[in-house]
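Remember, predicted model here, so these are calculated numbers, not experimental data.
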Amino acid sequence: MLAENLSQVEERIHAACARAGRSRSSVTLIAVTKVFPAQAILDAYALGLRDFGENYVQEFDAKAPTLPGLPGARFHLIGHLQSNKSRRAAELFQVIQTVDSPKLAQRIQEQACGPMEVFLEVKLSAEEAKHGAPPEELPQLMEAVRGCSRLALSGLMTMPPWSEDPEQSRPYFRRLRELAEAHHLPALSMGMSNDFEAAIEEGATHIRVGTALFGRRVKR
Ligand SMILES: *Cc1c(COP(=O)(O)O)cnc(C)c1O
């Protein structure tokens, strides 16, 4: 079932890349395994996936010790990071996509053992999104991150208000790309199961896909 879902997702990615005149290799598929057991990570790894997204430090902290060494695997924190969890996050993840304040950047800098790749989470809508930096704070945030020697700034991340219609997400994706261009940042993490084609058309370099790969999440 995962294999079948993955091939459907790959077809959709290829089609979106073709429409946008982009190469498949310009888009990293992040398999979002939140709520699913560690076995989901192993199954996806066996099918060739190497990038994984988790939302909660505590949840991944419970799964990680059950995983064998997975050469080449990269774990992305894509959920909000509370500062009291930043030490553990710095140990568990290779990428933190949700840096949204200079203070959080500084904490990760102090607690990271080695280099840490980061994205800045941007809040583009007034409603819903509780986290993320407003666009006008990006210059100070970028300056703060660049002052942290262990942090490698890749780009921007956002999550538009959820909508069934992917076209509702497109203006947010476009806005994120414009911001990344204005600030000369190469990476754009945007697009989920229902809207990643629009995200790819608008320039996403990282898409975060859960449901389309693993099925619907059942609340524990
Ligand atoms: C859960 C989640 C995803 C994946 O969402 P799906 O709709 O299941 O693909 C992507 N990004 C973030 C930040 C998430 O929390």
Next on the checklist: Run Asp51 and Leu29 through side chain to side chain contact (heavy atoms under 4.5 Å, CB included) and show every step you take.
Outcome noted: CA-CA 7 Å; Asp51 289 85; Leu29 170 60; over 6 Å; no
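Legend: residues meeting side chain to side chain contact (heavy atoms under 4.5 Å, CB included) with Pro68, ordered by chain and number and at least two apart, are Leu42, Leu70. With sequence neighbours excluded, the residues satisfying side-chain hydrogen bond (donor to acceptor under 3.5 Å, both in side chains) with Asp61 are Arg88. In this structure Arg175 satisfies the salt bridge (Lys or Arg N to Asp or Glu O under 4.0 Å) test with no other residue, sequence neighbours excluded. Listed by chain and residue number, Glu201 satisfy the side-chain hydrogen bond (donor to acceptor under 3.5 Å, both in side chains) test with Arg19 (two or more places apart in sequence, or in another chain). With sequence neighbours left out, the side-chain hydrogen bond (donor to acceptor under 3.5 Å, both in side chains) criterion links Glu121 to no other residue. Residues satisfying the side chain to side chain contact (heavy atoms under 4.5 Å, CB included) criterion with Glu181, sequence neighbours excluded, are Arg177. Residues meeting the side chain to side chain contact (heavy atoms under 4.5 Å, CB included) test with Pro134, sequence neighbours left out: Glu136, Glu137. For Ser101, the side-chain hydrogen bond (donor to acceptor under 3.5 Å, both in side chains) test picks out no residue, with sequence neighbours left out. When the ring pair (Phe, Tyr, Trp, His ring centres under 6.0 Å) test is applied to Phe52, the partners found at least two apart in sequence or on another chain are Phe75.
Sorted by first then second residue, the salt bridge (charged side-chain N to carboxylate O under 4.0 Å, His left out) pairs that include residues 187-200, not counting sequence neighbours, are Arg12-Glu197. Listed by first then second residue, pairs satisfying ring pair (Phe, Tyr, Trp, His ring centres under 6.0 Å) with a partner in residues 168-189 number zero, not counting sequence neighbours. Evaluation of the ring pair (Phe, Tyr, Trp, His ring centres under 6.0 Å) test over residues 80-120, restricted to residues two or more places apart or in two chains, returns Phe60-Phe93, His80-His131, Phe119-His206.
Panel note: side chain Arg22, backbone Ile200; a donor-acceptor pair is recorded below 3.5 Å.
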